[in-house]
Amino acid sequence: MYTEQDTRPLQSLGESGGASGSGRSAPGFVDVSGVTLSYGGPGGLKAVDDLTLSVREGEFAAVVGPSGCGKSTLMKLATGLVIPQKGNIAVDGKRVTQPLSIVGMAFQNPSLLPWRTTLDNIMLPLEIVSPHRERLKAHKAEYVARAEAMLSLVGLKGFGSKFPWQLSGGMQQRANLCRALIHEPGLLMLDEPFGALDAFTREELWGVIRDLHQAKGFTVILVTHDLREAVYLADRVFVMSARPGRVLLEREVDLERPRPIELTYTAEFNAIVHELREMIAQARADTPRIGAA
Ligand code: ADP
């Protein structure tokens, strides 16, 4: 399962891509090409059909669309958790044929283990992913320092010894992001990570992920229902349609970085959100109803 690409230091991704990855030419870091997947085999309902999209190295991409359009399926396909019946998926130039370990993932539910401290939760991937698994024992202090540095980066300095149940929902999600990034993945997949948080905490977390991306230069694919979140964070927004799930269109977000949160109150920002809302309304109107002729 472990391949040579996994050892590529994060720095090298940042140098060649970086957080301002927009404008780079193909090939993409994540290339999904003509992908079809039906759950329950080829005769089943097509979750995605002829799905094609390409995300540049270092780019922050957001995927939006109506429920059931295949956003989560796209996440599973790009990380090798499911293999398509048709089409190709490549990450970092290599065809995806099995689960990838250069990926970090975070979901709406932080799912931290309650019997482990925050620090030990963050270090969990290091016990599983090579080459860290083999190095962990001999280089424990180095890895603890790395985990503590991550905690500082997300504003949780000093909270490593707390258990998850001693943290607020927002703090747990910060720790969850640390855990997703501790093995320095080249690709971060976020599936509605801030969906369960209140509006203020969500905006704080936007700032956290914005700064992590800026500092580390990894590639991000964010699945979200929140158009403001997509526009605020992403370099490019892909709009998907349902039945069949495929990319309807994409929209570059050419708002200057760094982006202060006040940007979300400007007319320029709201015009893009409005434009995307119209696109999705159209996608919903065009979606055939199940059972309709
Ligand atoms: P989204 O994340 O955009 O809501 P999903 O990728 O979860 O969409 O689902 C896409 C389509 O595939 C939906 O019609 C959904 O009902 C179907 N689907 C998802 N997972 C499964 C599964 N494990 N078995 C059967 N159908 C599924």
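Only this structure's heavy atoms are used, side chains among them; waters, hydrogens and symmetry mates stay out. For clarity, every value in this text was computed on a predicted model and none was experimentally measured. Whatever order the structure lists ligands and atoms in, that order sets their numbers, starting from 1.
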*Asks:* Heavy-atom distance to atom 10 (C) of ligand 1: which of Pro244, Gly68, Ala242 wins?
*Replies:*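 It is Gly68 that holds the nearest heavy atom.
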*Asks:* Run the numbers for me: atoms of ligand 1, each under 4.0 Å from some heavy atom of Ser67, listed by number.
*Replies:*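 Within the 4.0 Å cut-off of Ser67, ligand 1 contributes 4 (O).
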*Asks:* N/O to N/O below 3.5 Å, does that happen between Thr73 and ligand 1?
*Replies:*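 Looking only at distances, the answer is yes, because the N/O contact criterion of under 3.5 Å is met.
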*Asks:* Can you check whether Leu45 has an N/O within less than 3.5 Å of an N/O in ligand 1?
*Replies:*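 Looking only at distances, the answer is no, because the N/O contact criterion of under 3.5 Å is not met.
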*Asks:* Walk me through whether Arg135 and Glu142 qualify under salt bridge (charged side-chain N to carboxylate O under 4.0 Å, His left out).
*Replies:* CA-CA 10 Å; Arg135 294 183 79 243; Glu142 177 196 316; 3.4 Å; yes
*Asks:* With a 4.0 Å cut-off, would you call Arg228 and Glu203 a salt bridge?
*Replies:*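 The answer is yes: the pair qualifies as a salt bridge.
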*Asks:* Do the charged groups of Arg202 and Asp226 touch, with an N to O distance under 4.0 Å?
*Replies:*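 So Arg202 pairs with Asp226 through a salt bridge.
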*Asks:* Give the residue, atom name and distance (to 0.1 Å) of the protein heavy atom nearest atom 7 (O) of ligand 1.
*Replies:*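 For atom 7 (O) of ligand 1, the nearest protein heavy atom comes out as Ser72 CB, 3.8 Å.
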*Asks:* Got more than 12 heavy atoms from elsewhere within 6.0 Å of NE2, His274?
*Replies:* no
*Asks:* Quick check on side-chain contact (heavy atoms from CB on, under 4.5 Å): which of Asp211, Leu153, Leu181 does Lys216 satisfy it with?
*Replies:*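 Between Lys216 and the candidates, side-chain contact (heavy atoms from CB on, under 4.5 Å) is satisfied uniquely by Leu153.
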*Asks:* Starting from atom 27 (C) of ligand 1, find the nearest protein heavy-atom neighbour and note its residue, name and distance.
*Replies:*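 Closest protein heavy atom to atom 27 (C) of ligand 1: Tyr39 CD1, 3.2 Å.
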*Asks:* Shortest non-hydrogen contact from Leu136 to Met123?
*Replies:*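 Closest pair (atom of Leu136, atom of Met123, distance): CD1-CE, 4.1 Å.
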*Asks:* Considering only the protein, which heavy-atom contact is closest to atom 12 (O) of ligand 1, and what is its distance?
*Replies:* Ala47 CB, 3.4 Å
*Asks:* Any nitrogen or oxygen of Cys69 lying under 3.5 Å from a nitrogen or oxygen in ligand 1? Just yes or no.
*Replies:*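 Min N/O separation from ligand 1 is below 3.5 Å for Cys69.
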*Asks:* Before signing off on this row, confirm whether Lys76 and ligand 1 have an N or O atom pair separated by under 3.5 Å.
*Replies:* no
*Asks:* Sequence neighbours left out, what pairs pass ring pair (Phe, Tyr, Trp, His ring centres under 6.0 Å) with at least one residue falling in residues 134-173?
*Replies:*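 Only His132-Tyr143, Phe163-Trp165 qualify under ring pair (Phe, Tyr, Trp, His ring centres under 6.0 Å).
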